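Heavy-atom basis, side chains included; hydrogens, waters and symmetry copies ignored. Naming: A, B, ... by sequence-line order, numbering from 1 per chain. Model, not experiment: these values are computed from the prediction.
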Protein chains: 2
Amino acid sequence: MDQQTIRKAGLKVTLPRMKILEILEENAQRHMTAEDVYKELLLRDEEIGLATVYRVLTQFEAAGLAERHHFEGGQAVFELNRGEHHDHIVCLTCGKVEEFMDETIEKCQAKIAKKHGFTIADHSLILYGECNNPKCPNRPK
Amino acid sequence: MDQQTIRKAGLKVTLPRMKILEILEENAQRHMTAEDVYKELLLRDEEIGLATVYRVLTQFEAAGLAERHHFEGGQAVFELNRGEHHDHIVCLTCGKVEEFMDETIEKCQAKIAKKHGFTIADHSLILYGECNNPKCPNRPK
DNA sequence: AATAGAAATGAGAAGCTTACGCATTGGCGT
DNA sequence: ACGCCAATGCGTAAGCTTCTCATTTCTATT
Ligand SMILES: [Mn+2]
Ligand SMILES: [Mn+2]
Ligand SMILES: [Zn+2]
Ligand SMILES: [Zn+2]
């Protein structure tokens with residue numbers, strides 16, 4: 001239950017948090033901007049302000065419930081933390097995002113960190129290119 | 001000579017472009033924000049506006065003379081393109097940046113792109129962590 | 001169930017980085 | 001040296017995100 005999820009994250013159970021978590025869950029295959037979430041709330045006639053959306057997403061991130069990624073271009077995107085780490089490939093034309101995880105790359109990163117004396121807390125790996133999908137150039141928005 | 005560099009990039013040789021290129025060269029070991037470059041210009045009593053700094057840096061990037069990176073946090077940073085690709089490790093405490101290039105990772109990326117049917121144009125790999133340098137916590141700025 | 005205290009929210013304004021508009025200046029080919 | 005078009009400087013605006021603060025909503029406790 002969402003309530004448990006939020007409570008376990010150390011957050012008070014409030015209507016905005018419930019609704020936002022719900023939206024992220026229902027769009028688990030997407031990577032949503034704060035604005036995307038806000039628009040979805042409007043569609044559902046929820047009276048939740050954009051500031052609250054940003055606040056809640058940031059709290060979810062801090063609590064480890066969600067992840068924030070900065071793909072090229074303006075807005076940050078969010079997705080629920082599914083427990084398993086992954087990185088992203090983004091199509092520069094249509095914006096399509098695919099996910100991957102490569103054990104070899106992850107191991108190399110650890111090795112590199114060690115060589116430089118760093119203790120790695122996190123990393124960001126994003127591949128940019130063209131998806132080559134026949135109907136790609138129909139870039140949304 | 002800087003003039004040749006700028007001309008070969010297809011850009012008119014102007015004082016702002018010369019000065020900015022000069023600053024980037026003299027700080028080749030750093031990763032400078034537009035503001036950093038601007039402050040450096042002020043120190044040298046150059047009457048160059050911040051808008052011009054942003055414009056020129058963007059032109060340098062488009063011309064392949066410079067690269068722009070988005071490390072965590074606010075500003076983008078710039079560095080001259082030294083011809084050889086590299087990625088970055090950033091200390092979350094002191095802001096120190098180290099560079100690396102791992103052939104294995106690069107190859108894996110190509111493989112992953114292929115598997116997903118993407119044509120990769122570019123990529124961004126940034127490791128975040130702690131540098132473990134004894135005098136690290138003296139975070140600048 | 002009612003109450004009180006603390007935390008969260010909504011709305012708007014502010015902050016920060018970056019881009020833009022336009023009058024003026026300045027390279028550069030002639 | 002001249003003149004044209006590009007580039008610049010300044011101020012302003014845009015886009016995204018965070019902040020402020022009066023008001024509302026949780027939650028623990030009666
Ligand atoms: Mn993802
Ligand atoms: Mn670098
Ligand atoms: Zn595409
Ligand atoms: Zn450090």
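- No donor-acceptor contact under 3.5 angstrom links the side chains of B:Thr58 and B:Arg55, judged on distance only.
- Near DNA chain C, defined here as any heavy-atom distance below 4.0 Å, the residues from residues 6-18 of chain B are B:Arg7, B:Lys12, B:Val13, listed numerically.
- Few gaps surround CD on A:Gln29; more than 12 heavy atoms of other groups in view lie less than 6.0 Å from it.
- Residues A:Ile126 and A:Glu72 form no side-chain contact, since every pair of their non-hydrogen atoms from C-beta on lies 4.5 Å or further apart.
- Side-chain contact check for A:His85 versus A:Glu106: some heavy-atom pair is nearer than 4.5 Å.
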Please walk me through it: do B:His88 and B:His69 pass ring-ring contact (aromatic ring centres under 6.0 Å, His included)? CA-CA 9 Å; B:His88 300 91; B:His69 307 291; 4.4 Å; yes
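- When rounded to the nearest whole Å, the span between CD of A:Gln75 and C1' of D:dT18 equals 15 Å.
- To the nearest angstrom, C1' of C:dT17 lies 9 Å from CD of B:Glu35.
- Using a 4.0 Å cut-off on heavy atoms, the residues of residues 45-59 of chain B that approach DNA chain C are B:Ala51, B:Tyr54, B:Arg55, B:Thr58, listed by number.
- Looking only at distances, no side-chain donor or acceptor of B:Tyr38 sits under 3.5 Å from a matching main-chain atom of B:Val53.
- When atom types are taken as modelled, the side chain of B:Arg7 and the backbone of B:Val13 share no donor-acceptor pair closer than 3.5 angstrom.
- Across all non-hydrogen atoms, the minimal contact from A:Phe118 to B:Asn132 is C-ND2, 3.8 Å.
- Straight-line distance from the NE2 atom of A:His70 to the C1' atom of C:dC16: 13 Å, rounded to whole Å.
- A:Ala76 comes within 4.0 angstrom of sugar-phosphate atoms only, judged by non-hydrogen atoms across all strands, and of no base.
- One can place CD of B:Gln3 at 11 Å from P of C:dG27, the figure rounded to the nearest angstrom.
- Formation of a donor-acceptor pair under 3.5 Å by the B:Asn27 side chain with backbone atoms of B:Arg30 is not found in this model.
- The nearest whole Å value for the distance from the OH atom in A:Tyr38 to the P atom in C:dG10 is 9 Å.
- At whole-Å resolution of the value, CZ in B:Phe60 and P in C:dT18 are 17 Å apart.
- If you take CG of B:Leu42 and P of D:dC10, they are 10 Å apart, rounded to a whole angstrom.
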